[in-house]
Protein chains: 2
Amino acid sequence: MAATKRLTQRDIARLAGVSQATVSLVLNGAVSAEGRIPQETRERVNKVIRETGYVADPVARRMAKGLNRILGVFTYEPAFPSAQADFFTPFLLGIEEAAQELGYDLLLLTGAAAGKQRKIFGNNTRLRLADGCLVLGREFDRDELARLVAGDYPFVAVGRRDDAGGPVPYVGSDYASATADLVDQVRRLGHTRIAYVGPSEGAESTIDRWAGFSGAIAGLHVVAHIPDVGQRGDKNLDFLLASGATAVFFTELADAIEVEEAARRRGIEVPDALSIVVLGNHIRAEKPGRRFTSFSIPREAMARGATEMLVRRVEQNAPIEQILLQCDPVEGETLGPAHRTSLKTRP
Amino acid sequence: MAATKRLTQRDIARLAGVSQATVSLVLNGAVSAEGRIPQETRERVNKVIRETGYVADPVARRMAKGLNRILGVFTYEPAFPSAQADFFTPFLLGIEEAAQELGYDLLLLTGAAAGKQRKIFGNNTRLRLADGCLVLGREFDRDELARLVAGDYPFVAVGRRDDAGGPVPYVGSDYASATADLVDQVRRLGHTRIAYVGPSEGAESTIDRWAGFSGAIAGLHVVAHIPDVGQRGDKNLDFLLASGATAVFFTELADAIEVEEAARRRGIEVPDALSIVVLGNHIRAEKPGRRFTSFSIPREAMARGATEMLVRRVEQNAPIEQILLQCDPVEGETLGPAHRTSLKTRP
DNA sequence: ACAAAACGCTAATACGTATTAGCTGTTAAT
DNA sequence: ATTAACAGCTAATACGTATTAGCGTTTTGT
């Protein structure tokens, strides 16, 4: 079947006039002190390897040694649709850079398509092909996560994850603190009536933002909460204005953009009449529009950190860690003092 | 280290009172007709499998089968920095989808490299980790391509490639025909004086566009050709107007956008006073501006096709194929009849 | 009743690498 | 001179699965 036979160590051995074992010994470093193979032989073998472009079969490697210096990457949503691409691209960049530095290759595990969401554990799990696995996605399958936690296969999640029958190793970012900091800033600017546009439950990232928000609102009035995302800007704006809010927190940049545009059309000044805060940044969209007050998610650093953690677990069997990285505040130009708006009359 | 030894078929066999071979036969479907194992035995084995939660080790599976079911994805430019991401993302999406359907995982060789252009050979013998490899990028290294063609490692290029010491297997798209169709359309609309903004040589995609253009211009006057890309829109517009062209072909969307904006600023109507045609589409940028008349490059389909072709080559040793996909026309709103402009006086 | 066929299963082996035990020939030690 | 040590290699085996050849037993055909 297979088009062309793969080169094997036996082939190399024949060409170099040594045994397969010798080829393996030469390949696996074994400082000339260790395995006692003279420089001359090493060079003869290496020459053949160079000339033929031989590389050890990673599958056989993993079979024999249990390690193949490959890290798996599993994404719960397809990694590259343009809608998702913005989401995964910075993570992949960070993973790739870290993996390269650490001497690992990356295997994108395509998993099993199971309707809308993918599955790691399909009929034939390919999970163990790599030495360990990074898992990313907006929303994880809780049962699968529990299976991963229960198993002994090394993995690390990118993004915080709740316990799933045990602690989940992850490198995430601290949405809660970052959100709380923005709330504090809003308070310091004199706002008392605030609103929240975005869900309060769902994935961990959602929960964290809401937790940071609701844990920091002492002394403030949450006069509106619109849990639905993706509604028309005008409708949202109507509701927000009616509530008397002077500062609004958005979980979705797209919603913020719509409301800001609606406000601009009506001559409502941002931030003079209405302050807008976005809980996180997107990669794009920085260009054209308004620069929103928000915080930046250190996606690349998360990915690097997760990769390094995974390698620690693979190579040194390091204990499970859970790391949260800070989100840097983005000052933007959509948050201002609450002066004028505090005069607004209420029905 | 590992908490508990992994279950193997031997364990299952012992528990079910059969041999390892029987377990394997039961696992691998083998319709009850095929391998002649009675229902009763099957059920006994399956029961144990269910109770223990056994899953076959994918590494050993692939080892035994002789195929790793891994496809390499090599890009000549780093794929994930956001600058390049727009270019590669749709291709990667197509590859990912096709690979998933075909049961392959993807080895990502898409990272940064030492030099300016990345090399397949040299350090990156790692390509051979995979069963075969997809190669993509704006510009290929000709020598490397020749080496690939000469070697017996299965690969397929995404995008048409000239022969390199032999035919290169590829799935590309037919820029020449698509461009020629646009030229015909322009002619039918009464234009006689046309211009071309973009290089006439370089990578295959460039050459194909130019070939399609110059092969279809019978009866038309090419009154301007600006081979340089990325110039200021005003400068280009000056030149184009001075030439008396009524329809302009752009290879780069960015150039077209600049010229269109410059025209708008000066009150020159598009397409009434000047028709603009773009030879290909970009993923983004559809949103904000003008919808240009152009053709759409079936990037995802190209990638899918290339992946399928590669799998054919890997699994069935299929012969080299070269496939060009059609580009669908995009009507847009920047190409119109040449009425008014034909009145333009010439110096 | 006896050979032939069918059935139900297993032993043996291949896959490509890593690794350990051990073999051969040379050199050093006593 | 004999033994011991050592250098330089190789044979053999394990890893877990898929697969083929084939073995013993039962059924079928005549």
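Lettering follows sequence order; numbering is per chain, from 1.
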Integer-rounded Å distance: C/dT10 C1' and B/Arg14 CZ: 16 Å

Nearest-Å distance for atom pair CG/P, residues B/Asp57 and D/dA18: 10 Å

Residue mapping more 5' on DNA chain C - nearest nucleotide basis, A/Met63 or B/Glu40: B/Glu40

Below 4.0 Å: OP1/OP2 of D/dG8 and any side-chain N or O of A/Thr41: no

Test: B/Asp163 and B/Arg161 ion pair at under 4.0 Å: no

Euclidean distance, atom CD1 of residue B/Ile37 to atom P of C/dT10 [Å, nearest integer]: 8 Å

Donor-acceptor contact present, side-chain A/Asn68 to main-chain A/Ile70, <3.5 Å: yes

Carboxylate-amine/guanidinium proximity below 4.0 Å for A/Arg313 and A/Glu321: no

Sugar-phosphate, base or nothing in reach of A/Val18, heavy atoms under 4.0 Å: sugar-phosphate

Length of the line joining A/Gln9:CD and D/dA11:P, which is rounded to integer Å: 14 Å

Separation of atom CZ in A/Arg62 from atom P in C/dC15, rounded to whole Å: 22 Å

B/Ile70 CD1 to C/dC15 P, straight-line distance once rounded to whole Å: 19 Å

Euclidean distance, atom CZ of residue A/Arg42 to atom C1' of D/dC9 [Å, nearest integer]: 12 Å

side-chain contact (heavy atoms from CB on, under 4.5 Å) partner of B/Tyr170, chosen from B/Ile323, B/Leu324, B/Val158: B/Leu324

Phosphate-side-chain proximity, B/Arg6 and D/dG16, N/O vs OP1/OP2 below 4.0 Å: no

Polar contact flag, side-chain donor to acceptor under 3.5 angstrom, A/Thr110-B/Glu96: no

Residue closer to the 5' end of DNA chain C, B/Gly17 versus A/Tyr54 (nearest nucleotide): B/Gly17

Distance under 6.0 Å and angle within 45° of ring axis: B/Arg138 vs B/Tyr76: no

A/Asp131 and A/Arg69 ion-paired at < 4.0 Å: no

Nucleic acid footprint by protein, nucleotides 19-26 of chain D - heavy-atom cut-off 4.0 Å, B for base, S for sugar-phosphate alone: B-------

Below 4.0 Å: OP1/OP2 of D/dT10 and any side-chain N or O of A/Ser19: yes

Whole-Å gap separating P (C/dG16) and CG (B/Leu67): 11 Å

